[in-house]
Amino acid sequence: MVKAVRVHEVGGPEAMRVEDVDVPAPGRGEVRIRHTAIGVNFIDTYYRTGLYKAPSGTPFTPGAEAAGIVTEVGEGVTAISAGQRVVYAASVGAYAEERVMPVDRLVPIPDDIDDRTAAACLLKGLTAQYLLRSTFRVEAHHTVLFHAGAGGVGLIAGQWLKSLGLEAISTAGSAEKVDLARKAGYRHVINYREQDFVAAVAEITNGAKCHVVYDSVGKDTFPGSLDCVRPLGMFVSFGNASGPVPAMEPLMLAQRGSLFMTRPVLAHYTATREALLSAAEDLFSVIRSGAVKITIGQTFPLEEAVECHRTLESRGTTGSTILTV
């Protein structure tokens, strides 16, 4: 038996309970992993509240990202061996001491990256990777608005954007977070609690607006985000921290200059093992180069997952958050 966080009925943070669970032996193409660090992401709250449906239904174990050591391999597994350090993302069931995983979703951890960094960066880092290099491939001449610059994805994206030669714009909700985002590499950071970010973006860009706006906030920044996109630019909605973006008429895109809009998810960009490993290597390379540094802002024991989610949803976190096992 191992400890795992379980949700029997979706709801608030108190819906999570630590219980003893059995972990089966790995089947064909699977391995058993002993977790050493578990990444916490805002998407975890979406599953807990029922905004997103857990693949297994209820009860389920939340969490989508963790690093650990392979303790047992199933039949037919050759790419990963027992004793190897691995990390994974976008696979619900991570808030546990141990679990079984399909081998094709695992990424070997490079020798020069520790487990906590790997667990803190893979989901957020792969998200930044596909947003900046695939969804809209940013170049040095582009003007970018990336909301929530002091969040886990935002801090990685800010550093990555700076390494590409961009003078990016971001938003944050407090003086402390403004300072963090600016240190991450954003040239301009707007405190959206004190300023109208739409007006601020117009002033910063001399009315030209942005080639692309990346928005993980959702309801609170809509439709303002659309008003920050220049004609023929792109609005990338990739999260719902304040609630889902409300229903909209496509005409809103036409009225603002024939805008493009997309709602991407990581799973579609890493659907094959080849794509997953390629994106991970791109991420690890910018970390290895020093261009991107992973900041772990807070750490909670697995048993304190409820308090962790309360802090996360109150926007009391900065950088990445991990659970320790």
Side-chain angles (χ1 to χ4, degrees), residues 39-44 46-47 51-55 63-67 79 86-94 101-110 113 117-139 142 144-149 151-161 163-164 166 168 211-218 225 229 233-241 244-245 259-289 291-292 294 320:
V40 176
N41 299 278
F42 213 93
I43 194 173
D44 301 347
Y46 300 164
Y47 286 105
L51 178 63
Y52 291 177
K53 302 300 182 185
E65 174 182 43
V86 295
V87 63
Y88 63 84
S91 183
V92 177
M101 280 284 296
V103 70
D104 65 349
R105 292 289 88 193
L106 301 178
V107 175
I109 302 175
I113 293 178
T117 298
C121 82
L122 193 68
L123 184 56
K124 301 172 187 68
L126 290 182
T127 300
Q129 194 277 337
Y130 84 73
L131 289 173
L132 305 183
R133 310 314 291 148
S134 295
T135 304
F136 184 102
R137 189 173 181 86
V138 294
E139 305 293 347
H142 288 138
V144 174
L145 171 62
F146 203 108
H147 283 294
V153 177
L155 288 176
I156 294 172
Q159 296 174 79
W160 208 324
L161 287 165
S163 75
L164 295 171
L166 276 81
H211 293 88
V212 58
V213 172
Y214 296 102
D215 191 336
S216 62
V217 178
S225 286
V229 184
M234 180 176 286
F235 170 54
V236 181
S237 172
F238 71 100
N240 319 278
V245 171
L259 307 185
F260 295 87
M261 176 178 176
T262 183
R263 180 57 172 90
V265 293
L266 174 62
H268 296 145
Y269 286 86
T270 57
T272 66
R273 180 158 182 76
E274 292 75 19
L276 172 63
L277 294 179
S278 176
E281 177 53 35
D282 195 15
L283 170 63
F284 291 148
S285 67
V286 295
I287 295 173
R288 191 176 292 115
S289 73
V292 171
I294 304 303
S320 295

task: Determine, stepwise, if the pair Y130 / H268 fulfils side chain to side chain contact (heavy atoms under 4.5 Å, CB included).
output: CA-CA 10 Å; Y130 84 73; H268 296 145; over 6 Å; no
- request: Take T135 and Y269 through the side chain to side chain contact (heavy atoms under 4.5 Å, CB included) test and state the conclusion after the steps.
  value: CA-CA 9 Å; T135 304; Y269 286 86; 2.9 Å; yes
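Evaluation of the salt bridge (charged side-chain N to carboxylate O under 4.0 Å, His left out) test over residues 260-285, restricted to residues two or more places apart or in two chains, returns E281-R288.
Side chain of S163 to backbone of W160: a donor-acceptor contact under 3.5 angstrom is found. Between the side chain of Q129 and the backbone N or O of A279 there is no donor-acceptor pair closer than 3.5 Å.
Between F284 and V107 the shortest side-chain heavy-atom distance falls below 4.5 Å. Counting only heavy atoms from C-beta outward, the side chains of S216 and V153 never approach each other to under 4.5 Å. Side chains of L164 and R133 form a contact here, defined as non-hydrogen atoms less than 4.5 Å apart. Side chains of L276 and L126 form a contact here, defined as non-hydrogen atoms less than 4.5 Å apart. Between P108 and L277, the closest side-chain pair of non-hydrogen atoms falls below 4.5 Å.
Note on ring orientation: taking the six-membered ring where Trp is involved, the planes of F146 and Y214 are tilted (angle from 30° to 60°).
Shown here for A66 and A94, the closest heavy-atom pair between the two residues is CB-CB, 4.2 Å. Closest heavy-atom contact between H147 and S225: NE2-OG, 2.9 Å. In terms of heavy atoms, K124 sits closest to N41 at NZ-OD1, 2.8 Å. Looking at every heavy atom in both residues, I109 comes nearest to A118 through CD1-CB, 3.9 Å.
The CG atom of L131 sits 11.0 Å away from atom CD1 of I156, with the distance rounded to the nearest 0.5 Å. Rounded to the nearest 0.5 angstrom, H142 NE2 and L166 CG are separated by 8.0 Å. In this structure, CD1 on I294 lies 7.0 Å from CD on Q159, to the nearest 0.5 angstrom. The line from CG of L123 to OG of S91 is 11.0 Å long, rounded to the nearest 0.5 Å. Interatomic distance, CZ of F42 versus CG of N240, reported as 9.0 Å (0.5 Å rounding). With values rounded to the nearest 0.5 angstrom, I43 atom CD1 is found 5.5 Å from Y52 atom OH.
Judged as a side-chain hydrogen bond (donor to acceptor under 3.5 Å, both in side chains), and not counting sequence neighbours, the contacts of D44 are Y95. Partners of Y88 by ring-ring contact (aromatic ring centres under 6.0 Å, His included), not counting sequence neighbours, listed by chain and number: H35.
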